[in-house]
Amino acid sequence: MIALFLALQVGVASAAAPIPDFIIIRDGASTVSVPVTITGGQASVRADALMRAMKGTLITGTNLHYTLALPRVRLDLIDGIPFAKRDTLTIPLSRAPQVRGGQLYLPFQFVSEVIPRFGGGYSYDMAQAELRTLGPPTQPTSQIAKSTPPPASSTAVARAPAVVPESVRTPAPQMRRPAATKPQSRKLVVIDAGHGGPDNGMRGPIGTPAWFVEKDVTLSVAQKLAASLRARGIDVLMTRTTDTLIALSDRGRIANANHGDVFVSIHCNAPAYNNAAGARERGFETYFLAEAKTEDERRVQDMENESVKFETGANAPKGDPLSFIITDMAQNEHLRESSDLAETIQTGLIDVHPGPNRGVQQANFAVLRGSYMPAVLIEIGFGSNQSEATYLSDQANQSAIARNIAGSVIAYLAHYDSRVGGQR
Ligand SMILES: [Zn+2]
C-alpha cells in the first residue's frame, strides 16, 4: 500500500517546475552547482555530477543498470527504462534515464520530485533551484565505497517493468489477458534476427573459405519465418531486415511500440569451451525469460499479496502511474505464456532438426526482458559444429526450420485464443 501511495504522489505532483540553467545542492553551509543540460527540448542532469555534489556515488552495474548510492538511500536505474527502484518500491519517471556520450543523464524531474520524495532527506526549492538536505548535514563521506558491487536489490530491477506499452494501458481485467482486448484482430508476431552490423554474433567453420556467421544465418531464417507466417495470414514485424545493429533494449521496445502478440528471437549457439569437446556440441534449444528460482518465488509471493489492492486501479486513466503496477502483473502472466510458447516451438523442431533436442531453458536475456509479450529466444543450432553449421547454412534446411517455427507459433496463438475464450 505504501508503494502505491508514494507512486500516486509523484503522479499528482507533476506540475512543471521551471527549468534553471543549473541547480544548487545545499548541504548545511556548503553549496555545489550542477548544470542542467537541454537536449531535444528535454532538461537533464548528469548523474555523476549530481552524485558528486550530493556526496553520493554513481555505480555502474551490468546490463545497463546503474545505482545512485546517496548518503541514506540507494536508487536503482536502467538506461532507457522510465522507472527507478528503491528496494522493492518502483518509482515512475517522467522520462527514462539515458546514456549519451558514455554519461548517464537523469530527467530534471529526478531532481525536482524524485529525490525530494525518495532520496532520503531532501527538499527542492523551485524558486531558488536548490536541492537542500533536511535536518543535520550528512556525514562528509558516504559509507558506501566506490568499489561496492550493485546491491542484491539491484537484481530485482532486472524485473522492473519495461516501457509501458499503450496496449496495456487499458482496464485490468483485459490486461490480464492482453489478447482479449482485440480478439478479432490479426495477430502480430515480432521476429528478431539476432545480432547484425558490426555484431557478427558467433562465427564457426563450415570449411574453407566459407565461414558460418551467426548474424547472416539468423537474418536468413528470420526472413523465411516472416514469409511463412505472412503466407498464413499472420502479420509480421522484423526488428531488422538488413545487416544493421539494433540495440538489445530497442528490439523489445520496437515490439512493444507495435503491440506485438509474440516475440521470437533467432540465434545460433556456440560452446562454452573452445576445445574438441566444445566443437562436438550440437542441437537446438529454446529459452524463455525467467529469474532465478528463489527470487522468482519471492517475487510471485510479493505480487500475489499486493495484487488485490492494485485491482482497484482497473479504471485508472491512461498514463496513470498505476498502469506500471498493472503492467508488472501482466508481465508475470507472460512468463508462463513464454514458457508455453518455448515448449511448443522446442517440441515442434524435433520433427525437422537433426538434433539433439537440448530442451527448453530459462535465462534472463536482455533482449527478452524489454519485450512486453510472450517472448522466446531460439538457438537453432551450433554454428561452431562443422556438420551442424553446414546443415544450418543450407537454404532448404533454413526453410524447414522456419516453416516449423511458424507452425508452432500459429498453434500457440490458436491455443492461447481458445483458452482466453474458454476460461475468461
Ligand atoms: Zn546470438
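Everything numeric in this text was worked out from a predicted model, so none of it was measured. Remember, it's 1-based here, ligands and their atoms both numbered in the order they're listed.
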Tyr287/His267 aromatic ring centres below 6.0 Å
no

Would you say Asn269 and Glu285 are linked by a side-chain donor-acceptor pair, where the criterion is simply a distance under 3.5 Å?
yes

The atom name of the N, O or S atom in His267 nearest to the Zn ion (ligand 1) is ND1

Would you confirm whether Thr347, through its side chain, and Glu343, through its main-chain N or O, come within 3.5 Å as a donor-acceptor pair?
yes

The Zn ion (ligand 1) contact by Glu214, N, O or S atom under 2.8 Å:
yes

Are the side chain of Asn385 and the backbone of Ser387 linked by a donor-acceptor contact shorter than 3.5 Å?
yes

What N, O or S atom of His195 is found closest to the Zn ion (ligand 1)?
NE2

